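Lettering of chains follows the sequences in order, A, B, ..., and the numbering in each one begins at 1. Computed from a predicted model, the values in this text were never measured in an experiment.
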2 protein chains.
Amino acid sequence: MHQMREFPWSQAEKKIARKAFDKAYRKECESILAKAKKMMVDMSEPGEIWKIHDYLSGRRRQIDEKYDYRYSVMPLVLGRLIREHWIQEADVQGLSEEKLIPIKFLISEDSE
Amino acid sequence: MHQMREFPWSQAEKKIARKAFDKAYRKECESILAKAKKMMVDMSEPGEIWKIHDYLSGRRRQIDEKYDYRYSVMPLVLGRLIREHWIQEADVQGLSEEKLIPIKFLISEDSE
């Protein structure tokens with residue numbers, strides 16, 4: 001992810017970002033867990049356990065790439081998480097305007 | 001795993017080997033599955049899903065290394081599988097003596 005112009009983050013803003021970030025991460029991990037559980041239930045052969053491993057490998061790569069906790073890219077990360085419905089706009093209320101602009105841009109961008 | 005002197009395999013022997021090999025593989029995958037299920041139940045945080053991924057990654061490397069289906073190494077593979085209790089000696093009955101010798105050697109080797 002590209003770096004953005006860096007703005008200072010207040011303690012209050014850092015708290016908001018941390019909370020929104022963790023909420024999205026938790027929800028996304030929950031959905032991965034639910035899917036893995038379903039795959040286990042649907043398995044017809046014990047040897048299919050490796051399909052679950054393949055699935056987790058793929059998701060882990062995506063998650064590691066997506067959840068980048070640097071303040072320099074945080075607005076882009078949060079915008080993407082809202083766009084993917086892991087969190088809502090309300091979760092980033094309280095961030096300063098210069099941080100909300102890229103977030104809102106990402107949310108509105110080619111949304112249906 | 002080192003190559004051994006190669007002996008011819010009759011159709012009947014190939015069938016015995018295939019059956020014993022598949023039985024062990026299935027049982028070992030079942031045990032991995034059971035462990036993964038238990039880890040899922042014991043999880044306190046969705047983010048711990050990656051511990052299951054780490055576990056599966058490690059087991060997969062071991063399984064891929066262990067389950068080598070070349071006839072040149074088959075006696076060593078079957079001997080190891082018996083030693084690890086995935087199959088029993090009865091599962092390899094019918095193999096010729098020159099194949100049973102390395103199997104029995106592996107079973108007896110520093111066994112308790």
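The shortest non-hydrogen separation linking A/Met43 to A/Ile52 is SD-CD1, 3.9 Å.
Note: A/Ser57 leads A/Ala36, A/Gly47, A/Ser57 in heavy-atom pairs under 4.5 Å with chain B.
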Exercise for the section: Please assess A/Phe7 against A/Glu13 for the test side-chain contact (heavy atoms from CB on, under 4.5 Å), listing each intermediate value before the final yes or no. Expected result: CA-CA 11 Å; A/Phe7 295 105; A/Glu13 286 182 310; over 6 Å; no
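Electrostatic pairing of A/Glu84 and A/Arg80 counts as a salt bridge here, judged by a charged N lying under 4.0 Å from a carboxylate O. Taking the charged nitrogens against the carboxylate oxygens, B/Asp54 and A/Arg60 do have a contact shorter than 4.0 Å, which makes a salt bridge.
At least one cation-pi condition fails for A/Lys15 and A/Trp9: the charged atom is not both under 6.0 angstrom from the six-membered ring centre and inside a 45 degree cone around its axis.
Contacts of residues 16-35 of chain B with chain A at a heavy-atom distance below 4.5 Å involve B/Tyr25, B/Arg26, B/Cys29, B/Glu30, B/Ile32, B/Leu33, listed in sequence order.
No more than 12 heavy-atom neighbours from other residues, nucleotides or ligands sit within 6.0 angstrom of CZ on A/Phe105.
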